Amino acid sequence: MKRKYKIAMVQMDTQNNKEKNLEDACAWIDEAAASGAELVCFPEVMNLIGKNTGPGGGREPIPGYSTGRLMEKAAEHGIYIHGGSITEEIPGEKRACNTSVLIGPDGRILAKYQKLHTFDITLADGRPFRESDRIRPGDAVVTAETELGCFGMSICYDVRFPELYRLLAIKGARVLFVPVSFTKETGEEHLEMLLRARAVENGCYVIAAAQTGVKPAYTAYGNSMLIDPWGKVLVRAGSETGVFYGEIDLDHADAVRRRMPSLESRRTDVYQVEEKRK
Ligand SMILES: O=C(O)CCC(=O)C(=O)O
């Protein structure tokens, strides 16, 4: 297993033109691979965000067109790609899923995760935001054992539910994916705090590749971040699009867990976080 490697986070301003979004994504993968990144990570709904795509619009099966493009690129460069998320068509279902894939260096999908917590809130200006109208939540906690270590999967609003990340850590995750498309208002107040908390409490790296720019329903916050297991912000983007590089060092992650053994000090005789469906 590789203990130290370079990663790339792609910060995107995904709009209502799937072909352009994917062309941009592929160009960024080429750039990241050329610079030696072994893992390239994308934000939530990386392939299409638009008014006219309609409720659950732009959905695709997985594997399908968008994931296929990423799979080809992973195989071409022999790298891992975390596909942020796309809207997944579920046969026979009215609603789609908000789904992440992790693709291995041979171009195959190693893990698939469907967002567990749908973002249903009233925005500060009074407008309702109801992701569950078009997105059916998933029902599985997903980790992936790879040559780069064990990854834990999650998406955006999930970051507000610490039990999920505790479970991911208990299942062995050392690096947590949190692809985001946070609203500017909640991002400014909460994103860094939530990402750092999930990193510190679980002794894990957190990779949060983000959407930026003005979308039909909200302005995305940007600020892609890589956080180390001690809670340090190693890399932080602003509101610009592009590729941001950082390093994962699993020996450092081990050292942090030795220094602060909170996972080991849990009182499972008094309380327990439990996975209900496997
Ligand atoms: O939790 C938040 O404040 C934002 C979440 C969000 O935008 C999402 O899950 O799509």
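Because only heavy atoms are used, hydrogens play no part in the values below, and waters and symmetry mates are left out as well, while side chains stay in. Just so you know, ligand 1 is whichever comes first in the structure, and atom 1 is the first atom listed for that ligand. The model shown is predicted, which means the values in this text are computed figures rather than measured ones.
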Excluding sequence neighbours, so at least two apart, what forms side chain to side chain contact (heavy atoms under 4.5 Å, CB included) with Ala32?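 For Ala32 the side chain to side chain contact (heavy atoms under 4.5 Å, CB included) partners, ignoring immediate neighbours, are Ala8, Ala37, Val40, Val243, Tyr245.
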Taking ring-ring contact (aromatic ring centres under 6.0 Å, His included) as the test, write out the residues that go with Tyr80, two or more places apart. none
Kindly tell me which protein residues have any non-hydrogen atom under 4.0 angstrom away from an atom of ligand 1, grouped by chain and ordered by number?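 Residues near ligand 1: Glu44, Lys115, Phe119, Cys156, Tyr157, Arg160, Ser181, Phe182, Thr186.
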Give a yes or no on whether Arg266 atom CZ has more than 12 heavy-atom contacts from other residues, nucleotides or ligands under 6.0 Å away. yes
Can you hop from Leu195 to Ile155 via hydrophobic side chains spaced under 4.5 Å? yes
Show your working on side-chain hydrogen bond (donor to acceptor under 3.5 Å, both in side chains) between Asn98 and Ser85 and close with a plain yes or no. CA-CA 6 Å; Asn98 186 343; Ser85 78; 2.6 Å; yes
Do any pairs count as a ring-ring contact (aromatic ring centres under 6.0 Å, His included) and have a residue in residues 200-228, sequence neighbours left out, and if so which ones? Phe129-Tyr218
